[in-house]
Structures are given as structure tokens and as C-alpha cells.
Amino acid sequence: MRPFPPYRIQVVKEIPITTRQQREEALARAAYNPFNLPSSMVTIDLLTDSGTGAVSAAQEAGAAQADRAYAGSDAFYRFRRAVDELTSYPFAYPVHQGRAAERVLFSTVLKPGQISLSNTHFDTTRANVELVGAEARDLPCPEFGNLDSREPFKGNIDLDALEQTLRGPDGSRVGQVLITITNNGGGGQPVSMANLRAVRALCDRYGVPFFLDAARFAENSWLVARREPGYGHLSPREIARQTFALADGCVASLKKDGIAPMGALLGIRNPELAKRCEANLIATEGFRTYGGMAAHDLERVAQGLYEVLDPNYLRSREADAARFAELINQAGVDIVQPAGMHALYLNAGRLLSHIPAYGYPGHALASELYLAGGIRAAELGSLYLGSFDENHNLVNPAPFELVRLAIPRRTYTMAHLEYVADVLADIAKNPHRVASYRIVDAPPLLRHFNLKLAQIPAGN
Ligand code: F0G
């Protein structure tokens, strides 16, 4: 029997239904950049799973009662209890979102010229490493290079490359190892406990701190239970506890697996490091018992951290993603295999093989999803990861041309996802009709968010 969500829907929000003509005008007005679209023009928004989950009645009840004391509010103690049941970090700070936790931690731990090693740094994570003057280096495992293979843990870090770097000439410059669970920049693939244990051992051997970017810790724990021998009998909470216990601390955006509109956790084991981070936090974010968060959001996070570990919820979320993947494959579109949980990554380069990298096949598919069906998604290809000369010519394309369909938590039903698969099936019937794009203007910083493009109709 197919798993079903362990909740019913009590409050709903209407979604806009638009015509193709309206969408063509809206996308042109947005300079063909989906980040410029008003959400009032988007029917199904799969741009991100961050802060877009539906909140529960229990979360809203907590929010309504939230104690807004500056110091030591009830909301903080509930947050602290939820974190204690999950991690063994003696220091746990609320922060307004993941990138703020990154800034506070990295500006304390890393020095200019040092290196941060990761399975894959998320883009804000990379930016916060670079802002300190350090280098962010990704070492994804070789299995990730084959998008079609079904290895269970393609989010792992490449342990050989990690050891070689730690032992080699750059070893003394490594300031931290940061493992992202699940690996958002790497196809949403999970990281195995075996990989995390090996990272711990290497970090101990070479005296380097090991942190987690744990935005999707519950989904990683669930996929460990499902895919890694020896973990199937453990609860997701037990696996999450073991995961956090391996690291020296974590940054975790709780807009994902906290199922909250806003919030993050900075968890730290070492008291000296905690003291320094706390000073930074108080100076720049807020006092240690609210860290830039409103009490009502702290309450939503505290409650969300319980709800996200419900095995019935995780089972049904995994089943929805798997079913969505199946429908997309039936539509004739390949995804990065195997399906993870928070997003599916479409292989746009293969579907639109007639569009060269400098016509941006990922962006072309994301735009066509919008034009054909009002579906918003994000390109993860050469626009995002390629390198360019000063005239915006693509010099080095990305290794893959992907489109991420993020799946917000508890927000859309299977019927919405079926609709997305239907729209994709229509596109896949006539891929040659899909337009390509060229860059009109690209700022040097945060290119993805501020790009302006022009459409090149198919056949030109
Ligand atoms: N780390 C990972 C792995 C993330 O996916 C994100 C955000 C962050 C850190 C930053 O957290 O947004 O709370 O500041 N990812 C979103 C996404 C934006 O769409 O994947 P934040």
C-alpha cells in the first residue's frame, strides 16, 4: 500500500491560475529570470523547499502563545529541549537563518588563506567561506559523476581525495571539513553513516574540526535507515542523534527540516569556540536566547523539529518523491538517480541536447516549465556554475545542465506533482520547440539572482 501523509489539510491558500499569454508577458518583464517573477504569477512554485513548508496547527498554537522576553523566553527553552533531544551539543544558538549561522561560525573558525573542504558547499555556504578570505573546495564522491547510476549514497565526500588533501601540501591550510546532509548541491543525494564516521576519523587524525551543514538532517537520517545496512531498525531520531554526535558542531537552516518559515541552529561542542561565536552572535544577530528570531518563529521551529522526525511523515514524503520521479521518467525525462527527498534534478542537458551549453539548456527547460504550466524551478547548470568572461560569454560550462524541482514540505499534493509531470511530458514530446537563451546582463556578484536574459526562439 502506498504511504499517505499523516495529516489532513485544515487551512489552504489559493494558487494563481494564468494563461500562457500572461506568463509570456510576465517572464519577459522578469528579464527571463524566475527570481524576478512575482509569486502571484506562479501556479506551482518548486523554486525552493526553504521556508515554504506548510505549518501545523500545533506550530501555530505555539506561535500564538510565544513569550517574547528578550532574555530566557519560554520559546528558547522549548527550542533548547527540542535540540537537546536531537544533538549532544552543549551550546545551541538560534539564528535567523542558515547563512547567518554560517557567517557566525566561519568568521570565527576560519582564517584568510585557509581551506574549507566539503562534499559540496551550498552557494551561501561557499560565499560565507570566501567572505572570510578562505577557499571553499568541493570533493564530491566519484559516483556522483554518473547521473544515472543508482548507488545509494552519491552525496558522500570523496574520502581518498579528502585524505590526500589533508596529508598533502595544502593539509596545514585546511581549517574545517563541512559535510552537507543531504547534499543539496549534489543532486539532493544522502551521505552514509560510514562516510561520516570515516570523515570523523580523518579529522581526528589530522586535527581538523568537522562540522555538519544539517539543513536536511531528518531526510538524510531517513534515507540512511532505508539504504544503509545495519540502520533499518533504528528510528530517524536515533540516526539523527548518531549523526550529530559524530561532528564538532553544526549549522542547520531550519527552514527545511525544521518545517518553519524562518530560523536556524548553530550547535557547538567546544566551549572556547562557543564563547567566541556567542560574542559574534550577540553583536550581529541578537541575544543568545533569540539570535535574531522572533519568538513565534522559535516556537514553530521547536515544534517542527518533532514533527519532521515522524516516520509516517518521512515515509510518505519519500514515497511522493519516488512516485514523482517515476512519473517524470514515464514522461521521457531523466533525473539524477536515485530520487532523494527534497528535490528532483532533471537532466535538461540530455532532454534538450540540441541546445548547446551557451544556449543554457537548464534555463531553457526551467523557462518552458513556466511558460507551459506556470511552474517555477531553478536552473543548476552553466548559468549557475559556469564561468564567464567580462562580455558574459560562457568560457567554462558546468559539468551538468540540471533543473531542480524542489518539493516544499506538506504544501502540494500528489495531484499537483502529477500536473507537473504532465506538463513535462508535453514538453518532452517536442523538445525542439523549446527556446534557448542568451545573457544580456550579469552582475559580478550573485549572478544567478540578478541575471537578465533574452529568449532565442527555437529554430533561430
Ligand atoms: N545550506 C544548505 C544545504 C542549503 O540548502 C541552504 C539553503 C543553506 C545552507 C542556507 O540556508 O536559506 O536558511 O540561509 N537553501 C535554499 C535552497 C535556499 O533553495 O536550497 P538559509
Side-chain angles (χ1 to χ4, degrees), residues 34-35 39 42 45-53 93-107 116 118-131 136 138 140 155-157 176-191 211-221 223 243 247 249-267 281 284-285 291-294 297-298 300-301 304-305 308 321 336 340-345 366 376-380 384-385 402-409 411 446 448-449:
F35 286 97
S39 83
V42 177
D45 203 345
L46 306 187
L47 190 64
T48 180
D49 64 321
S50 181
T52 51
Y93 302 103
V95 189
H96 83 273
Q97 66 181 96
R99 61 200 76 181
E102 291 160 9
R103 185 186 53 72
V104 169
L105 181 66
F106 302 165
S107 63
S116 170
S118 178
N119 50 347
T120 312
H121 294 84
F122 177 69
D123 53 6
T124 60
T125 321
R126 169 175 296 277
N128 276 301
V129 167
E130 290 173 354
L131 279 171
D138 292 342
N156 285 349
I157 192 167
Q176 66 174 20
V177 175
L178 180 83
I179 301 291
T180 311
I181 54 171
T182 55
N183 193 346
N184 185 20
Q189 301 290 314
V191 177
F211 298 107
L212 291 167
D213 179 348
R216 299 174 180 88
F217 70 92
E219 294 175 359
N220 202 79
S221 301
L223 292 171
T243 304
C250 73
V251 287
S253 168
L254 298 175
K255 300 170 72 174
K256 287 80 167 171
D257 275 348
I259 326 186
M262 198 42 85
L265 162 68
L266 171 59
L281 180 88
T284 61
E285 283 281 314
M293 285 181 71
D297 278 328
L298 209 43
R300 291 186 181 105
V301 160
L305 285 174
V308 77
V336 176
M341 287 172 75
H342 85 283
L344 300 182
Y345 295 67
R376 177 156 66 171
E379 186 248 21
L380 280 179
Y384 178 52
L385 293 169
L402 306 177
V403 172
R404 186 184 75 166
L405 302 182
I407 312 173
R409 291 164 186 76
T411 303
L446 299 170
H448 212 221
F449 298 119

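Residue numbers run from 1 in the order of the sequence given. In listed order, ligands and their atoms are each counted from 1.
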Quiz item: Under a 4.0 Å N-O cut-off, is there an ion pair linking D257 with R409?
Solution: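 A salt bridge links D257 with R409.
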Self-check item: Charged N-O contact under 4.0 Å between D123 and R126
Solution: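 A salt bridge is absent here (no side-chain N lies under 4.0 Å from a carboxylate O).
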Self-check item: Reported CG-to-CZ distance for the pair L281 and R103, which is rounded to 0.5 angstrom
Solution: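 It is 8.5 Å, given to the nearest 0.5 Å.
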Which of the atoms of ligand 1 are close to [X], meaning less than 4.0 Å from one of its heavy atoms?
| X | result |
| --- | --- |
| T180 | 3 (C) |
| T48 | 16 (C), 17 (C), 19 (O) |
| G98 | 11 (O), 13 (O), 14 (O), 21 (P) |

Looking only at N/O atoms, are [X] and ligand 1 under 3.5 Å apart anywhere?
| X | result |
| --- | --- |
| K255 | no |
| D213 | yes |
| T182 | no |
| G263 | no |

At what distance is the nearest protein heavy atom to [atom], and which residue and atom is it?
| atom | result |
| --- | --- |
| atom 9 (C) of ligand 1 | E102 OE2, 3.1 Å |
| atom 8 (C) of ligand 1 | F122 CD2, 3.4 Å |
| atom 10 (C) of ligand 1 | T124 OG1, 3.5 Å |
| atom 13 (O) of ligand 1 | S253 OG, 2.7 Å |

Self-check item: Contact summary for L178 and H121, nearest pair of heavy atoms
Solution: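 That would be CD2-CD2, 4.2 Å.
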Quiz item: Parallel under 30°, tilted from 30 to 60°, perpendicular over 60°: which one fits the rings of F35 and F449?
Solution: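 F35 and F449: perpendicular rings.
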Exercise. Compare R99, H96, K256, Q97 and give the one whose heavy atom is closest to atom 6 (C) of ligand 1.
Key: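 Closest candidate by heavy-atom distance is K256.
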Taking side chain as C-beta onward, heavy atoms only, is [X] less than 4.5 Å from [Y]?
| X | Y | value |
| --- | --- | --- |
| V308 | E219 | no |
| D213 | C250 | no |
| V403 | L380 | no |
| Q189 | V336 | yes |

Practice problem: Could you tell me whether M262 approaches ligand 1 through its side chain, its backbone, both or neither, with non-hydrogen atoms closer than 4.0 Å? | Solution: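 M262 to ligand 1: no contact under 4.0 Å from either part.
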